[in-house]
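Residue numbers count from 1 along this sequence.
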Amino acid sequence: MATFEKTISRRRVLCGMGAAAMAGLLSACGQPNTPADVQATELPGETQQPTAQKVPAQQYRAMWLSYLDWHLVDFSSQSAFEASFEAVLEKCQSLGLNTLIAQVRPFGDALYKSELFPWSHLCTGTRDKDPGFDPLDCMVRLCHASGISLEAWVNPYRLRLNSSVPPEFAENDLANTHPQWCVTVDGGVYLNPAEPAAADYVVQGVTEILEHYAVDGIHFDDYFYPTTEPWIDEAQYATCSGVASLDEWRRQNVTALVRKTRDAVKAKDPTLRFGISPQGNPDNNYQQQYSDVDAWINGAEGPLVDYICPQVYWGYGYQLKGGSKRFAYENITAEWLAMPRHENCDLYFGLGAYRIGKGDGGANPDSETQWKSGHQLADMVEDLTANGADGYGLFRYEFVAASAYPELADAECAALAEQNRAIDAQQG
């Protein structure tokens, strides 16, 4: 297992064991109390540092805080934001987690002060409206004070999911300022991965975050090429030479973005982490989104990412209607674990907390009932730990904190917290 944290820097503070220690003081699944307000610093990046450092845990344990979760956080004022965000952190601590992956640029926008992207509508309901405080600055400071690492989650290419999300574009949106970079697919608007200038702009956005905020890393999700249709980049492809096929050229485009992002992150601080969460289906990554995961995790000069976290959201024995059990949890995790990867690249697994109470839609008869056991996630964590995985992430926050199945979610939380305590005890 590669070490979760090679060096403790000013960014890599109070995590892991600090969260595990706090877990013993908090109810594993009760609703967290809201602490007193914390005064924010005036400028982004000037975050308050803890007075002591604690040894980080080896196992990476993360929670995804998606744009779909931000409605659970109060943006009406800085004090309201900090109080509700503290509740998020207390929930993570109670589970024994050590990392929060917060989506700060879901749609070519920003939940922070940016000169490159407009304010996200998630802050105020209106695109490019300043909320009057800097949410990311608050997040960094509060995460580090709570012993939790913060990774800034960026969707690299997506500007619009559909005609209503986000509801409108601002004048300074890339769709208006650089329409030549954009393509529209099924109502969604995306930066074209075939446009080098667009990719460079994505990297500039990453650099802007690192210049102003003491985040612990940068995280990409699985949105890369939005379609396999040839029309979106046939003009760019026609100008290239020496490329075997359109598919391979597209993979080179995505890999170039990944490499540039890695270089930007490491140029800022070699201890910062850069990771990607691809789909759990390796074929979809390679053939539909042109994500050459093998190129990311291997390489003579080292990996292009510090970790990958495939989204393995299926249950035990998951079965397709055709009878295949390739994507059963025990089978697909084994497939990922068997893939060759550089020793400096960690392998985590994304687990589907959103499946609790609802099931995963498999053709197997226990597709729903196993997600009502109250210990599905804990069982998965126990198995992946025993099989040599380096950690995991939970998708997503709402489904453990505000579930439609609160009793089941509470049971899952209690079992997972106990499993994490058992792992910590084994690691000594």
Quiz prompt | M339 side, atom CE; I297 side, atom CD1 - distance, nearest 0.5 Å | solution = 7.0 Å
Exercise. Apply side-chain contact (heavy atoms from CB on, under 4.5 Å) to the pair M63 and V88, showing each step before the final yes or no.
Key: CA-CA 10 Å; M63 176 72 76; V88 174; over 6 Å; no
Quiz item: Would you say the side-chain atoms of Y318 pair up with the backbone N or O of F327, donor to acceptor, closer than 3.5 Å?
Solution: no
Quiz item: Which residues satisfy the side-chain hydrogen bond (donor to acceptor under 3.5 Å, both in side chains) test with D306, sequence neighbours excluded?
Solution: K266
Exercise. Could you list the residues that satisfy ring pair (Phe, Tyr, Trp, His ring centres under 6.0 Å) with F274, not counting sequence neighbours?
Key: F220
Practice problem: Verify whether the ring centers belonging to F349 and Y392 lie closer than 6.0 Å. | Solution: no
Quiz item: Just wondering, more than 12 heavy atoms not from E171 lying within 6.0 Å of its CD?
Solution: no
Practice problem: Taking all non-hydrogen atoms of both residues into account, name the closest pair between I218 and I209 and its distance. | Solution: CD1-CG2, 4.3 Å
Practice problem: Look at the aromatic rings of F81 and F85 and report parallel, tilted or perpendicular, splitting at 30° and 60°. | Solution: parallel
Quiz prompt | Any residue meeting side-chain hydrogen bond (donor to acceptor under 3.5 Å, both in side chains) with R396, in chain and number order, not counting sequence neighbours | solution = D69, E398
Exercise. Sort and list the pairs that fulfil salt bridge (Lys or Arg N to Asp or Glu O under 4.0 Å) and have at least one residue in residues 159-170, not counting sequence neighbours.
Key: none
Exercise. Taking all heavy atoms of L257 and all of A199, pick out the closest pair and write down the distance.
Key: CD1-O, 3.7 Å
Quiz item: So, R105 and Y112: side-chain donor and acceptor under 3.5 Å apart, yes or no?
Solution: yes
Exercise. May I ask you to test the F107-N155 pair for a side-chain heavy-atom distance under 4.5 Å?
Key: no
Quiz item: Quick check, are the ring centers of F224 and W296 under 6.0 angstrom apart?
Solution: yes
Practice problem: Would you check if there is a donor-acceptor pair between the side chains of D134 and Y213 at a distance under 3.5 Å? | Solution: yes
Quiz item: With distance as the sole criterion, is a donor-acceptor pair present between the side chains of N284 and Q288 under 3.5 Å?
Solution: yes
Quiz item: What is the minimum heavy-atom distance between L191 and P156, and which atoms define it?
Solution: CD1-O, 3.8 Å
Quiz item: Okay, side chain of R262, backbone of P303: is any donor-acceptor separation there less than 3.5 Å?
Solution: yes
Self-check item: Selection residues 403-428 - residue pairs positive for ring pair (Phe, Tyr, Trp, His ring centres under 6.0 Å), sequence neighbours left out
Solution: none
Exercise. Identify the two heavy atoms, one from A264 and one from T207, that lie closest to each other, and give their separation to 0.1 Å.
Key: CB-OG1, 3.8 Å
Quiz item: Hey, does Y313 have a side-chain heavy atom less than 4.5 Å from the side chain of I332?
Solution: no
Exercise. Without swapping roles, check the side chain of D292 against the backbone of Q252 for a donor-acceptor pair under 3.5 Å.
Key: no
Quiz prompt | Test item: side-chain donor near acceptor, N285 and S291, under 3.5 Å | solution = no
Quiz item: Do R127's NZ or CZ and the ring of F169 fall within the cation-pi criteria of under 6.0 Å and 45°?
Solution: no
Quiz item: What pairs with E335 under side-chain hydrogen bond (donor to acceptor under 3.5 Å, both in side chains), at least two apart in sequence or on another chain?
Solution: R326
Practice problem: Please check if any side-chain donor atom of Y67 sits under 3.5 Å from a side-chain acceptor atom of H121, or the reverse. | Solution: no
Quiz item: Who are the ring pair (Phe, Tyr, Trp, His ring centres under 6.0 Å) partners of Y201, not counting sequence neighbours?
Solution: F117, W181
Practice problem: Measure from the ring center of Y348 to the ring center of Y307 and say whether it is less than 6.0 Å. | Solution: yes
Quiz item: For residues Y329 and D383, is any side-chain donor paired with an opposing acceptor at under 3.5 Å?
Solution: no
Quiz item: OG of S367 to CG of D360: how many Å apart, nearest 0.5 Å?
Solution: 3.5 Å
Quiz item: Looking only at side chains, do N253 and Y225 share a donor and an acceptor under 3.5 Å apart?
Solution: yes
Practice problem: I would like to know whether E151 and T99 meet side chain to side chain donor-acceptor pair (under 3.5 Å); could you show each step before the answer? | Solution: CA-CA 7 Å; E151 295 187 10; T99 303; 5.2 Å; no
Exercise. To the nearest 0.5 Å, tell me how far Q59 CD sits from Q427 CD.
Key: 6.0 Å
Quiz prompt | D247 versus S245, side-chain donor and acceptor atoms under 3.5 Å | solution = no
Practice problem: Apply the test side-chain contact (heavy atoms from CB on, under 4.5 Å) to residues V381 and I423: give CA-CA distance (whole Å), side-chain angles for both, the deciding distance (0.1 Å), then the verdict. | Solution: CA-CA 10 Å; V381 168; I423 293 171; 3.8 Å; yes
Quiz item: If we only count heavy atoms from C-beta on, is the S277 to W64 side-chain gap below 4.5 Å?
Solution: yes
Exercise. Walk me through it: do Y290 and T255 pass the test side-chain contact (heavy atoms from CB on, under 4.5 Å)?
Key: CA-CA 9 Å; Y290 307 99; T255 297; over 6 Å; no
Quiz prompt | C123 side chain reached by K129 side chain, heavy atoms, under 4.5 Å | solution = no
Quiz prompt | Rounded distance (nearest 0.5 Å) linking atom CZ of F399 with atom OH of Y354 | solution = 9.0 Å
Quiz item: Between the main-chain N or O of D222 and the side-chain N or O of Q289, is there a donor-acceptor pair closer than 3.5 Å?
Solution: yes
Self-check item: Contacts of D221 that satisfy salt bridge (Lys or Arg N to Asp or Glu O under 4.0 Å) - sequence neighbours left out
Solution: none
Quiz prompt | Note, R341 side chain near I308 side chain (heavy atom, < 4.5 Å) | solution = no
Quiz item: If you take all heavy atoms of P340 and D294, which pair is closest and at what distance?
Solution: O-OD1, 4.3 Å
Quiz prompt | Residue list, ring pair (Phe, Tyr, Trp, His ring centres under 6.0 Å) with Y223, at least two apart or on another chain | solution = none
Self-check item: Side-chain touch N281/Q287, heavy atoms, less than 4.5 angstrom
Solution: no
Quiz item: What residues form a ring pair (Phe, Tyr, Trp, His ring centres under 6.0 Å) with W371, not counting sequence neighbours?
Solution: none
Exercise. Name all residues meeting the side-chain hydrogen bond (donor to acceptor under 3.5 Å, both in side chains) criterion together with S403; count only those two or more places apart in sequence or in a different chain, and write none if there are none.
Key: none
Quiz item: Is the backbone N or O of Y316 less than 3.5 Å from a side-chain atom of Q370, with the two atoms forming a donor-acceptor pair by type?
Solution: yes
Self-check item: From CD (Q376) to CG (L351), nearest 0.5 Å
Solution: 9.5 Å
Exercise. Locate the shortest heavy-atom distance separating L100 from C143; write the atom from each residue and the value.
Key: CD2-SG, 4.1 Å
Quiz item: Side chains of L304 and I276: closer than 4.5 Å at any heavy-atom pair?
Solution: no
Quiz item: What is the distance from atom OG1 of T333 to atom CE of M380, rounded to the nearest 0.5 Å?
Solution: 8.5 Å
Quiz item: Hey, mind stepping through L72 and S84 against side-chain contact (heavy atoms from CB on, under 4.5 Å) and telling me if it holds?
Solution: CA-CA 8 Å; L72 297 172; S84 56; over 6 Å; no
Quiz item: Quick one: salt bridge (Lys or Arg N to Asp or Glu O under 4.0 Å) pairs with a partner in residues 184-201, sequence neighbours left out?
Solution: D200-K260
